[in-house]
Amino acid sequence: MLKSVLHFDIKVKTIAKRLCYNVRMYIEFVIADNFLLTYLAGAAGYRLCHNKVSVWRTVIASIVGTTVAVFYPFFDCAAWILLAVKLGLWCVLSAIMYYKTPRRFVAAMLFLGSTFALGGASYAALLCFSGGAADFVTKYPICIVLGVGCAVYGCMRYAVKRLRLVRARAPYEYRTEVTVFGTRMEFCAFLDTGNCVFDGKTGLPVVITDIGVFTDKLSGGAAVKFAKDLPKLRQMQAKTPAGSADIYIVQPTEITVYSDRHKHKINAMIGLIGSAGRFTNAHEMLLCPAAMTEVV
């Protein structure tokens, strides 16, 4: 009798442990991941449309989506009905999040695409960490799945920022050709509204570049000539909102600025910052706005 009671007690404890484990796994891998991944996909739809994320709308949509996901395994319907349920859920969630936002249809499509991206990346992580998704679920914590979702979302935000930066800079970037010391050089120039430097002797605006960038673009003979003439070049102090620096003044033979497939020859002086390393490959020269009006 005692053995039977003990055996029954062990069975009850085992069943209780399994039940608690299954409940915990269900909560973690159905509720937690659905809520967070829905939130990240919804936020990505906002960000990709350059809109501010409405936190409370996205949270409500995530709750609705998670609630449907909890009961979705119990739907015993035809495949087309399940597909209709998913499409209907997408419409409902999109309406909740983007109803009062600009480009709401585009945001809804981006939300759908982000959902596929996050889900696909998470499933790829499952397959990488184990032989299959089922094995992964039993061996690894949920933080890995959610970590993948957060990583994909972070990459999306970074891409949005970079694209926004490129779009903002595009109207102010110009390909510029400079002829000096018998050498034609090409620069990636940026129209800097803070560059209001003028040559005190000629009164012409000054376009500024790094002396290291400048010498690297010179040919062998021109580089030798420039090195010999460097001590003879005039110097002046250039003051901009970013600070002041001593620059060498070089008079070019010709400066040509290309914009919208058209070229414009401008009349300006070249200012070389004496300390190398201040310019990057993205912007090798800073154009003065006044120089753009000095069309030859």
Side-chain angles (χ1 to χ4, degrees), residues 155 158-296:
C155 292
Y158 177 77
V160 169
K161 289 181 180 179
R162 296 300 302 174
L163 291 174
R164 184 179 297 175
L165 185 61
V166 170
R167 181 187 297 179
R169 286 178 174 175
Y172 305 98
E173 293 181 335
Y174 298 88
R175 183 170 66 89
T176 303
E177 289 183 353
V178 176
T179 302
V180 64
F181 300 121
T183 301
R184 181 179 292 272
M185 300 176 290
E186 185 173 309
F187 293 84
C188 296
F190 183 77
L191 183 61
D192 183 15
T193 56
N195 178 12
C196 299
V197 181
F198 290 84
D199 180 22
K201 183 176 180 180
T202 62
L204 293 174
V206 179
V207 298
I208 300 175
T209 186
D210 190 288
I211 193 169
V213 174
F214 184 81
T215 53
D216 288 344
K217 293 179 180 292
L218 289 173
S219 61
V224 173
K225 178 173 174 42
F226 172 73
K228 290 181 179 179
D229 292 347
L230 183 61
K232 303 177 184 178
L233 295 177
R234 287 190 297 112
Q235 286 185 274
M236 63 171 286
Q237 189 177 57
K239 294 182 179 181
T240 67
S244 60
D246 293 328
I247 61 174
Y248 294 95
I249 299 297
V250 176
Q251 184 171 8
T253 305
E254 182 180 278
I255 299 180
T256 305
V257 177
Y258 292 85
S259 62
D260 298 331
R261 300 180 181 179
H262 300 286
K263 62 179 183 179
H264 310 277
K265 293 183 179 179
I266 62 174
N267 193 11
M269 305 295 282
I270 299 176
L272 304 178
I273 296 181
S275 56
R278 295 194 179 189
F279 282 67
T280 63
N281 292 331
H283 297 135
E284 300 172 322
M285 177 177 284
L286 298 180
L287 297 175
C288 177
M292 303 302 288
T293 63
E294 297 289 338
V295 179
V296 178

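Since we're looking at a predicted model, the values are computed, not measured.
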side-chain contact (heavy atoms from CB on, under 4.5 Å) assessment of Met269 paired with Arg234: CA-CA 12 Å; Met269 305 295 282; Arg234 287 190 297 112; 4.1 Å; yes
Steps toward side-chain contact (heavy atoms from CB on, under 4.5 Å) verdict (Ile249, Lys201): CA-CA 10 Å; Ile249 299 297; Lys201 183 176 180 180; over 6 Å; no
Quick check for you: to the nearest 0.5 Å, what is the distance between Ile273 atom CD1 and Thr209 atom OG1? 8.0 Å
Find out whether Lys217 and Glu284 are in side-chain contact, i.e. whether some heavy atom of one side chain is under 4.5 Å from a heavy atom of the other. yes
Does the side chain of Pro289 reach to within under 4.5 Å of the side chain of Leu191, using non-hydrogen atoms? yes
Assess whether atom NZ of Lys225 is packed by more than 12 heavy atoms of other residues, nucleotides or ligands within 6.0 Å. no
Which atoms form the tightest heavy-atom contact between Cys288 and Pro205, and what is the distance? SG-CB, 3.8 Å
Heavy-atom closest pair (Val207 atom, Ala268 atom, distance to 0.1 Å) is CG1-CB, 4.4 Å
Of His264, Glu177, Lys263, which is the lone residue that meets side-chain hydrogen bond (donor to acceptor under 3.5 Å, both in side chains) with Tyr258? Glu177
Counterpart residues, side chain to side chain contact (heavy atoms under 4.5 Å, CB included), relative to Tyr248 (two or more places apart): Ile211, Leu230, Leu233, Gln235, Leu272
For Ala290 and Phe198, work out which heavy atoms get closest and say how close. CB-CZ, 3.5 Å
Residue Gln251 excluded, over 12 heavy atoms near CD under 6.0 Å: no
Is there a side-chain contact between Glu254 and Arg184 (heavy atoms, below 4.5 Å)? yes
Met285 and side-chain contact (heavy atoms from CB on, under 4.5 Å): which single residue from Ile208, Asp210, Ile255, Val178 fits? Val178
Among Val206, Ile270, Ile247, which one satisfies side-chain contact (heavy atoms from CB on, under 4.5 Å) with Asp199? Val206
Val213 vs Phe187 side-chain heavy atoms within contact, under 4.5 Å: yes
